[in-house]
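The first residue of the sequence shown is numbered 1, and numbering continues consecutively from there.
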Amino acid sequence: MGHFNGVRWTVLLCCVFAPGKPKKLLQSRFSVDYQPFQGTWNDAFDWALIKEILYKAPGNAVISPLSVKALLALLYEGSASASLTQRELLQALSGGNAQGVSKLQTDLLEYKRLNTSLLITDRVFHDVSVTIVQKYHSIIDARYNATTHALNFQDNAAAATEINKWIAQNTRGNIQGIVTPDALQDALLLLINTIYFKGTWAIPFPTNATVERPFHATAARSRAPTVPYMKQRERIFYHTYSDELNAQFLRLPYDSNQFSMIVVLPDEELSLGQLLTRLTPGAIHQALTEMTEEEVEIELPRFTISYSSTLRECLQLLGISRIFTEQAELPLISRGRTAPLKVSTILQKSCILVDEQGTEASAATEGTLVFTILNQPVKFIADRPFLFLLFDEAKGNWLFAGKVEDPQL
């Protein structure tokens, strides 16, 4: 059993987000109905994670707080009762409230069983030398619809190929080659979560309105780069301005009317780093509550982001440190070992594509004008760095969060 010493346990999260092709629907100028989240918020950890990752990431970045929490939940289920490991994980998942974990379990099961636009999968890959406790099998299957799969990690090239094939299948081919053979050297377990979202804009952007204009990126350049901007005119959206954050909030709903993208655009004199420093869960919740219907003139650049991050240091700063040490208490996953299971690395690779998607959207603005707004439309011109958030308005979950520093990168 001595070959177990010094093993590594890697946790991977793979995320993809892309708007789908708009339907051929004639849209009126009216906005899509919006009901602010009415439940109990459980997103303190989400925002700590978002701020930590996005503030330190150079350039464009995107992460999935929900994906991180899904894997932490699998670790929580394998932790010893009343242990420090369990307390740290519970604090992150629900602020120490076990009911928050139950809601997360319920939400994840509903996403997996019912939703076609949001696909989430979890799997524990383990070396054939490791015996997973049957109770752990049963728990993650019943509570998370997660699976386990044994591989010969000694044949690390073949094992990496099989794991990457599974990841690609569950992200519609958007994430490939994330696991290298070297990553499996001396490894025993990999916990992998994939999250894939493909949504259809409820109010599509007409492709024939897209224009080229400068984007004032933060990087020092002799001149601002010119990028394609999607445009909306004479349409009603939910929008607000936060005096606390000095930023505009714009809601771009998807056709399910459950998910939406929230774009946060700071004032011109405010940097994205300054905005991230100011952000608090309370300020975000208040802005979402205060959104009202307004005629908004929108110019939003198309962008594509692929971002990889190692989350170990970030999670340690946020109070999750025990799982990375020899003192990690995870006996419910595997017993009878001479060396304790511990987590070596937690990785996430996320991709996002935001564009108009489809020429049929060009007819969407041809509807009859139902009424006239007497005031001048609000201008939402995202010609400088901004944040974007993919939000489940029904469940209060942050699926993705990211920043656009330069659409050309």
Side-chain angles (χ1 to χ4, degrees), residues 10-22 50 53-54 57 59-71 108 111-112 115-123 125 145-147 149 159-181 183 190-201 204-205 228 230 252 254-256 258-261 300-311 345-358 387-392 397-409:
T10 302
V11 184
L12 303 176
L13 306 94
C14 311
C15 319
V16 178
F17 162 48
K21 191 173 182 179
I50 291 168
I53 294 293
L54 297 189
N60 303 333
V62 58
I63 62 170
S64 171
L66 182 65
S67 186
V68 175
K69 291 171 80 170
L71 277 189
L108 289 171
Y111 289 143
K112 292 178 179 181
N115 208 293
T116 55
S117 61
L118 179 67
L119 303 178
I120 300 178
T121 53
D122 299 283
R123 175 166 287 184
F125 288 95
N145 196 20
T147 59
H149 187 73
T161 297
E162 185 163 347
I163 294 170
N164 285 326
K165 181 180 179 181
W166 182 84
I167 293 172
Q169 288 174 342
N170 287 283
T171 59
R172 298 296 187 265
N174 286 277
I175 294 180
Q176 301 193 35
I178 188 173
V179 178
T180 64
L190 278 82
L191 275 69
I192 298 181
N193 170 274
T194 67
I195 177 169
Y196 174 86
F197 176 79
K198 186 173 183 178
T200 301
W201 296 119
F205 288 85
M230 307 180 295
L252 299 174
Y254 294 95
D255 66 349
S256 66
Q258 176 181 353
F259 304 117
S260 67
M261 177 182 283
L300 182 71
R302 297 197 306 237
F303 59 91
T304 301
I305 300 173
S306 179
Y307 181 73
S308 300
S309 58
T310 301
L311 301 178
T345 307
I346 294 183
L347 304 174
Q348 182 175 100
K349 183 171 184 179
S350 305
C351 302
I352 181 171
L353 166 67
V354 175
D355 63 14
E356 311 89 342
Q357 285 293 305
L387 302 179
F388 60 88
L389 312 164
L390 183 61
F391 181 53
D392 182 341
N397 292 324
W398 300 102
L399 278 60
F400 291 88
K403 62 173 181 173
V404 176
E405 296 271 10
D406 187 340
Q408 285 193 327
L409 297 179

Close side-chain approach of [X] to [Y], heavy-atom, < 4.5 Å:
| X | Y | value |
| --- | --- | --- |
| V68 | Q348 | yes |
| C351 | I175 | yes |
| I63 | I50 | yes |
| V354 | W201 | yes |
| L108 | N145 | no |
| K198 | R172 | no |

Ring-ring centroid check F388 F303, cutoff 6.0 Å: yes
Mind checking whether F197 and Y254 have ring centres under 6.0 Å apart? yes
Worked verdict on V179 versus L190 for side chain to side chain contact (heavy atoms under 4.5 Å, CB included): CA-CA 10 Å; V179 178; L190 278 82; 4.3 Å; yes
Is it true that a side-chain atom of [X] and a backbone atom of [Y] form a donor plus acceptor pair closer than 3.5 Å?
| X | Y | answer |
| --- | --- | --- |
| D122 | A70 | no |
| K112 | I120 | no |
| S350 | C15 | no |
| K165 | A160 | no |
| N397 | L399 | no |
| N174 | T171 | yes |

Nearest heavy atoms of [X] and [Y], plus distance in Å:
| X | Y | value |
| --- | --- | --- |
| P301 | M230 | O-CE, 4.3 Å |
| N170 | Y196 | O-CB, 3.8 Å |
| L54 | A61 | CD2-CB, 3.8 Å |
| F400 | V16 | CZ-O, 3.3 Å |
| L191 | L71 | O-CD1, 3.6 Å |

Check the pair Q258, D392 against side-chain hydrogen bond (donor to acceptor under 3.5 Å, both in side chains), reporting the backbone distance first and the verdict last. CA-CA 6 Å; Q258 176 181 353; D392 182 341; 3.0 Å; yes
How many angstroms lie between atom [atom1] of [X] and atom [atom2] of [Y], to the nearest 0.5 angstrom?
| X | Y | atom1 | atom2 | answer |
| --- | --- | --- | --- | --- |
| K349 | S64 | NZ | OG | 15.5 Å |
| I192 | T147 | CD1 | OG1 | 10.0 Å |
| K403 | N60 | NZ | CG | 8.0 Å |
| L347 | S308 | CG | OG | 8.0 Å |
| I178 | I163 | CD1 | CD1 | 11.0 Å |
| E405 | I305 | CD | CD1 | 9.5 Å |

Which is it for F259 and L118 under the side chain to side chain contact (heavy atoms under 4.5 Å, CB included) test, yes or no, and what are the steps along the way? CA-CA 10 Å; F259 304 117; L118 179 67; 4.0 Å; yes
